[in-house]
Amino acid sequence: MRKTCLVLLGGAAGAALTLFALQSPMIAVGASARAAASADTYRQLNLFSDIFERVRAHYVEKPDDSKLIESAINGMLSGLDPHSSYMDAKSFRDMQVQTRGEFGGLGIEVTQEEGLIKVVAPIDDTPAAKAGVRAGDIITHLDGEAVQGLSLNQAVDKMRGQVNTKIQLRITRKGAEKPIEVTIVRDVIRVKSVRSRVEDDVGYIRVSSFNEQTTDGLKKAINDITAQIPPEKLKGFVLDLRNNPGGLLDQAISVSDTFLERGEIVSTRGRDAEETQRFNARPGDMIKNRPLIVLINGGSASASEIVAGALQDQKRATIIGTRSFGKGSVQTIIPLGSGNGALRLTTARYYTPSGKSIQAKGITPDIEVLQEVPDEVKKTAASTEIKGESSLRGHLKADGDEQSGSQSYVPPDAKDDKALQMAFDLLRGAKTNAAFPPSTKVAVPN
């Protein structure tokens, strides 16, 4: 990466010299402005250095220099957007383990909101899910210690630990009269990101996250289903992405490609036009153009939205459920050298094949289906609604009007799941809707 930066700087310098020879008055003004901006930056850095030295010299207790620097870095990054952060060496190792699909901890995807830890979604069949932690829960204390003042990475680090050790979470849940205390035993979290089953003449596939094993798991699930249902009987597939918080970009692309013969899947656009990348499908729809319905809700974020957006825009699937979370940005992990951890930096927005950004908007389903929430669950309304990306402090602004989140409740019993039952009815012809099957007219990028 350093070599690339040097090449770009060299190229920029050459261009500047050429322009200076042709248009010296304009370049002189530009150079003067850049020099002034640079001088102002150095003044700010001198201010930081002055404050740093005064804290080191006069704080009531001798501070740890490395912690001061790390806190300053975290403060800078958290001021950019909710998804940029610094990972120390241990956090970076933990992240690498997690994306491989196996790590130690509780099994919850979290974000930070107003200094507290908010649950995006518990991962299926993990200690957190079994203990009753729900999407939308706010974690205020860990083992009796307030999380206010901790960075997101620090809080996550506290939730991880050795297998078979306990941790106590204090949770606030809208509608609950008092905080909920939950004790969870840590375990090795082996994230089986794909689960499937046969529903008579329909194949059901649930993808709960996007890690390095997701595409392989998806292909195995499709093979298992097609081996159990004769081709003449198979009505189609349901791909369930509800409460899937996302994961790896390359896995979102390859999952989408599994169902597509051709066309764009997603494009990413950074600050400079030359940074734009487009990712296209390769021939080979694994389910051979059989009908496909995708389920989403307020907990479907990031990589889930890439898949839903690609299949919707390419008219390959009908989307059912409620509006998705609306995280339309891409984070790049930049290693900082041995022992220095890594930088998680928002470097691009992503766009669906039709050229739409879903940042702070989400994917709107073709058919909206709201779940009936039982009275006992309504008392904890925070667990049935997610506010979405637009509610996060410091989020990247949308292109146009922003949208709030939506319902995230999924009934535990499939027979009570209205979105799933709608999907089954459409595939079997028991119900009809203008959005199914989707129109063959593919959206064109803006």
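Both backbone and side-chain heavy atoms feed into the values below; hydrogens, waters and symmetry mates do not.
The CD1 atom of Ile287 sits 8.0 Å away from the CG atom of Leu234 when rounded to the nearest 0.5 Å. Rounded to the nearest 0.5 Å, atoms CZ (Phe210) and OG1 (Thr99) are 14.5 Å apart. Remark: Met87 CE to Ile333 CD1 distance equals 4.0 Å, nearest 0.5 Å. Annotation: the span from Glu389 atom CD to Asp81 atom CG amounts to 8.0 Å, rounded to 0.5 Å. Atom CD of Glu70 and atom CG of Asp88 lie 5.0 Å apart (nearest 0.5 Å). Separation of atoms CD1 (Ile167) and CZ (Arg186) is listed at 4.5 Å; rounding is to 0.5 Å.
Using modelled atom types, one finds no donor on one side chain facing an acceptor on the other under 3.5 Å when comparing Thr183 with Glu181. Under 3.5 Å, the side chains of Thr346 and Ser84 contain a donor-acceptor pair of N or O atoms. Judged purely by distance below 3.5 Å, without hydrogens or angles, the side chains of Glu305 and Ser324 pair a donor atom with an acceptor atom. Neither side chain, Ser85 nor Arg344, offers a donor N or O lying under 3.5 Å from an acceptor on the other. Using modelled atom types, one finds no donor on one side chain facing an acceptor on the other under 3.5 Å when comparing Thr140 with Thr172.
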> Passes side-chain contact (heavy atoms from CB on, under 4.5 Å), Phe92 versus Leu336? Steps please.
Replying inline: CA-CA 10 Å; Phe92 182 36; Leu336 300 174; over 6 Å; no
>> Could you go through Val410 and Asp240, starting from their C-alpha distance and side-chain angles, then the distance that decides it, and tell me whether this counts as side-chain contact (heavy atoms from CB on, under 4.5 Å)?
In response: CA-CA 11 Å; Val410 178; Asp240 192 346; 5.5 Å; no
>> Run the side-chain contact (heavy atoms from CB on, under 4.5 Å) test on Ser404 and Lys387 for me, step by step, so that the C-alpha distance in whole Å, both residues' side-chain angles and the decisive distance to 0.1 Å come before the verdict.
In response: CA-CA 6 Å; Ser404 59; Lys387 292 181 179 179; 6.0 Å; no
>> Run Thr215 and Val255 through side-chain contact (heavy atoms from CB on, under 4.5 Å) and show every step you take.
In response: CA-CA 6 Å; Thr215 301; Val255 165; 3.8 Å; yes
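Look at Arg242 and Asp417 and you find a salt bridge, because one of the NZ, NE, NH1 or NH2 atoms lies within 4.0 Å of a carboxylate O, short of that distance. Contact check on Lys166 versus Asp143 returns no salt bridge, with no Lys/Arg side-chain nitrogen under 4.0 Å from an Asp/Glu carboxylate oxygen. Under the 4.0 Å criterion applied to side-chain N and carboxylate O atoms, Asp224 and Lys220 are assigned as salt-bridge partners. The existence of a salt bridge linking Asp125 and Lys192 is excluded, since no basic side-chain nitrogen approaches an acidic carboxylate oxygen closer than 4.0 Å.
Checked against Lys356 for a side chain to side chain contact (heavy atoms under 4.5 Å, CB included), the options Asp313, Ile363, Asp399 give a single hit: Asp313.
Using a 4.5 Å heavy-atom threshold, the side chains of Val307 and Val294 count as separate. Taking 4.5 Å as the limit, some side-chain heavy atom of Pro291 sits within range of a side-chain heavy atom of Phe436. Using a 4.5 Å heavy-atom threshold, the side chains of Arg134 and Val119 count as separate. Between Thr214 and Leu248, every side-chain heavy-atom pair lies at or beyond the 4.5 Å cut-off. For the pair Lys397 and His395, the minimum side-chain heavy-atom distance is below 4.5 Å. Within the 4.5 Å cutoff, no side-chain heavy atoms of Val238 are placed close to those of Glu199. Inter-residue side-chain proximity for Asn297 and Tyr409 is flagged as unmet; no heavy-atom pair is nearer than 4.5 Å. Residues Ile139 and Met159 are in side-chain contact: their nearest non-hydrogen atoms beyond the backbone lie under 4.5 Å apart.
Atom CG of Asp401 has 12 or fewer neighbouring heavy atoms from other residues, nucleotides or ligands inside a 6.0 Å radius. Counting heavy atoms of neighbouring residues, nucleotides and ligands inside a 6.0 Å radius, atom CZ of Arg393 does not exceed 12 of them. Within 6.0 Å of CD on Glu61 lie no more than 12 heavy atoms contributed by other residues, nucleotides or ligands.
In this view, Arg282 and Asp257 satisfy the salt bridge (charged side-chain N to carboxylate O under 4.0 Å, His left out) rule, not counting sequence neighbours.
A donor-acceptor pair under 3.5 Å is absent between the side-chain atoms of Gln251 and the main chain of Ser209, judged by distance alone. At distances below 3.5 Å, not a single donor-acceptor pair connects side-chain atoms of Tyr86 with backbone N or O atoms of Ala72.
Nearest approach of Arg323 to Pro365, heavy atoms of both residues: N-CD, 3.8 Å. The heavy-atom pair separating Ala128 from Ile184 by the smallest distance is CA-CD1, 4.0 Å. Closest non-hydrogen pair, Ser302 versus Pro245, comes out as CB-O, 3.9 Å. Gly149 and Gln154 get closest at one heavy-atom pair: O-OE1, 4.3 Å. In terms of heavy atoms, Thr126 sits closest to Gly107 at OG1-O, 3.1 Å. Here the shortest heavy-atom pairing between Gln331 and His83 reads NE2-CB, 3.5 Å.
Each salt bridge (charged side-chain N to carboxylate O under 4.0 Å, His left out) pair with one or both residues in residues 362-372, not counting sequence neighbours, appears once here: Glu372-Lys418.
Annotation: cation-pi geometry satisfied between Arg269 and Tyr351 (NZ/CZ under 6.0 angstrom from ring centroid, within 45° of ring axis).
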